[in-house]
Protein chains: 2
Amino acid sequence: MADGRDREDGPVSGEEERRFLAGYDPRAFTPAAVTVDVAALTIRSGVPHVLLVRREAHPQRGRWALPGGFVRAEDGPDGPADPDLPDAALRVLSEKTRLPADPHLEQLGTYGRRGRDPRMRVISVAYLLLAPDLPDPRAGRDTAEAAWIPWSDLGHGEGARPRVEPAFDHAGIVADAVERARSKLEYTALATAFLPPAFTITRLREVYEAVWGRPLHAANFHRKILATPGFVEDTGELAPSGGSGGRRPRLYRAGGAALLHPPLLRSAP
Amino acid sequence: MADGRDREDGPVSGEEERRFLAGYDPRAFTPAAVTVDVAALTIRSGVPHVLLVRREAHPQRGRWALPGGFVRAEDGPDGPADPDLPDAALRVLSEKTRLPADPHLEQLGTYGRRGRDPRMRVISVAYLLLAPDLPDPRAGRDTAEAAWIPWSDLGHGEGARPRVEPAFDHAGIVADAVERARSKLEYTALATAFLPPAFTITRLREVYEAVWGRPLHAANFHRKILATPGFVEDTGELAPSGGSGGRRPRLYRAGGAALLHPPLLRSAP
DNA sequence: CCAAAAGTGTTTCTAATACACCCATGT
DNA sequence: ACATGGGTGTATTAGAAACACTTTTGG
């Protein structure tokens, strides 16, 4: 076996490497199409929704699907290449929705089962996007319709029966997105991504209740949030009156912390 | 906006769909190469290691890299298509290492930055593999050498200076793998993937100590593991004598639980 | 007997929970 | 005044951490 000395980096010979690259043919490998799909989640009046579009083009014409599209691998007639996969995700989605300035975007997973798309081998990199309440989307190219669909219509949540069966394997991708969002609320400060820049503790609690589908103890939640360093920062302001009476709550903004110590665990009911 | 009724699934007209697919040309899209890379982690005598291979082919000839290779999108001269991405990962890796019967394999992330490979646009799906102590790998096709490299040689861990700088963006992939493993030990029962089928609580603790790079309180760890339902099951047997004296510890096997309730949190020192 | 390693008992402290209560505001 | 929602005090309980101690084995 190699000893320590042998583990030093080997040479990367410049001249030979240049000659190799000059003679390289990128068409030599079997192509697979690479797409990005975006599972955009938001909360509208206390109910979690996912953004879906109705396909106007084949295959699976007429079905609801995640907004997605092909990654631009190289500069071409359609436009410049996507510098990285998150750029592709935001490009594809902004063709269909007006996005907030700084949405939370994270990679969810990559789906490449043979036969998941009838046209050819398609590898889809799925992204999870969390956003505060966005305006209704407008349908884009190849799209008959675009809408925010409640999770419950896809069978997620307490006793919800599925009413929509998305195209391809997108039902599974949405399920993964929902589960990712639920578990990330436990140990990250991600819930604030569902809220506008300034919010009250009660709004934050409603995010948790909507995503987890379970009521939380308001008083203890309040204390726990304030006791978690870096989760929220006091703006010093109060929310405008709600109209129906009650004390005006303080306004907070997202703090610097990404991870929560300690986490907020959801346990059994 | 669509009302509830409109959200029902649209028709997927069979005849029209068939005609569309018959006329479809898979070469119409800009190709990108899709590869799988495997970050295989193990622990050898208390020290965490990652499997790397030294590249014999261009580009980046002579550098250490993660074992990886192109996904077989369709059946071809090299062999049948990979049914799914995890199959591709195991195929690529088993060409270089003798694998345990049931290794833990999970997707880590997908890397597609433009320019990360000088040949062409390459989208790499990275997998994390956790395994008990494996035999030394043998070098395979296009591989000058294959070896288990300590994480510390890549700069991970207490005050470790990097001695190996992997090819492409593989240093970042290994960093993601290490961080994923560290955090998954907290809230899943994954540590047992580093151990043989039967193990002692002390061996399990040594896994945590190696991955987290920090000593744990033996007595409290012992109790906490046994108090976590489904983490381990008593085999009823005792480990053979260690030779240097001391009580013979009980042997346990992995329990059914995937998630730990409550989690084992690593906090500050 | 002594050393070494496994495993248990016990105390102390911190954090989660539940519930009562006070505060600020609209009607 | 009183209803409504925000926010705090406090007792109870569960769990984490620290440390002393017992048990089982080899030399």
Which residues pass the salt bridge (charged side-chain N to carboxylate O under 4.0 Å, His left out) test with A:D234, sequence neighbours left out?
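A:D234 satisfies salt bridge (charged side-chain N to carboxylate O under 4.0 Å, His left out) with A:R250 once adjacent residues are dropped.
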
With sequence neighbours excluded, residues passing salt bridge (charged side-chain N to carboxylate O under 4.0 Å, His left out) with A:D133
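Counting only residues at least two positions away or on another chain, A:D133 forms a salt bridge (charged side-chain N to carboxylate O under 4.0 Å, His left out) with A:R44.
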
With sequence neighbours left out, which residue pairs that include part of residues 216-225 of chain B fulfil the side-chain hydrogen bond (donor to acceptor under 3.5 Å, both in side chains) condition?
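Qualifying pairs: B:N220-B:R223.
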
Review item, nucleotides 21-24 of chain C N/O atoms under 3.5 Å of protein N/O:
from	atom 1	to	atom 2	distance (Å)
C:dA24	N3	A:R247	N	3.3

In this structure, how many angstroms lie between the [atom2] atom of [N] and the [atom1] atom of [X], rounded?
{"X": "A:H217", "N": "D:dG5", "atom1": "NE2", "atom2": "P", "value": "16 Å"}
{"X": "B:H261", "N": "D:dG15", "atom1": "NE2", "atom2": "P", "value": "14 Å"}
{"X": "A:R205", "N": "D:dG5", "atom1": "CZ", "atom2": "P", "value": "11 Å"}
{"X": "A:F221", "N": "D:dT8", "atom1": "CZ", "atom2": "P", "value": "15 Å"}
{"X": "A:L265", "N": "D:dG15", "atom1": "CG", "atom2": "P", "value": "12 Å"}
{"X": "B:L216", "N": "D:dA16", "atom1": "CG", "atom2": "C1'", "value": "13 Å"}
{"X": "B:E186", "N": "D:dA16", "atom1": "CD", "atom2": "P", "value": "13 Å"}
{"X": "A:I225", "N": "D:dT8", "atom1": "CD1", "atom2": "P", "value": "14 Å"}

Using heavy atoms and a sub-4.0 Å distance, could you list which residues of residues 189-198 of chain A are near DNA chain C? By number, please.
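Contacting residues: none.
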
Pair listing, ring pair (Phe, Tyr, Trp, His ring centres under 6.0 Å) test, anchored in residues 224-244 of chain A, at least two apart
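Output for this query is empty, none listed.
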
With sequence neighbours left out, write down each residue that passes side-chain hydrogen bond (donor to acceptor under 3.5 Å, both in side chains) with [X], or none if nothing qualifies.
{"X": "A:D87", "value": "none"}
{"X": "B:T97", "value": "none"}
{"X": "B:H104", "value": "B:E106"}
{"X": "A:R253", "value": "A:E233"}

Restricting to nitrogen or oxygen on both sides, can you table the protein-nucleotides 14-16 of chain C pairs closer than 3.5 Å?
none

State which of D:dG6, C:dG26, C:dC19 makes the closest approach to the side chain of A:N220.
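That would be C:dC19.
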
Taking only the side-chain heavy atoms of B:P249 (C-beta and beyond), determine which of D:dG9, D:dG5, C:dA6 contains the nearest atom.
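Closest nucleotide among those given: C:dA6.
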
Under a 4.0 Å N-O cut-off, is there an ion pair linking B:E186 with B:R266?
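Yes, charged N to carboxylate O under 4.0 Å.
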
In residues 187-199 of chain B, what donor-acceptor pairs under 3.5 Å come from side-chain atoms, sequence neighbours left out?
from	atom 1	to	atom 2	distance (Å)
B:T188	OG1	B:K184	O	2.6
B:T188	OG1	B:L190	N	3.3
B:T192	OG1	B:A189	O	3.0

Under 4.0 Å, heavy atoms only, any strand: does [X] hit a base, just the sugar-phosphate, or nothing?
{"X": "B:T200", "answer": "nothing"}
{"X": "A:R250", "answer": "sugar-phosphate"}
{"X": "A:A219", "answer": "base"}
{"X": "A:H222", "answer": "sugar-phosphate"}

Under 4.0 Å between a side-chain N/O of B:S241 and OP1 or OP2 of D:dG26, yes or no?
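Checking D:dG26 against B:S241, a side-chain N or O does come within under 4.0 Å of OP1 or OP2.
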
Any side-chain N or O of B:T202 below 4.0 angstrom from OP1/OP2 of C:dA5?
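For C:dA5, neither OP1 nor OP2 has a side-chain N or O of B:T202 closer than 4.0 Å.
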
Under the side chain to side chain donor-acceptor pair (under 3.5 Å) rule, what do A:D37 and A:Y111 come out as? Steps first, then yes or no, please.
CA-CA 10 Å; A:D37 290 322; A:Y111 301 79; over 6 Å; no

Non-hydrogen atoms of B:A239 and B:L251 that approach each other most closely:
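For B:A239 and B:L251, the tightest heavy-atom pair comes out as N-CG, 3.7 Å.
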
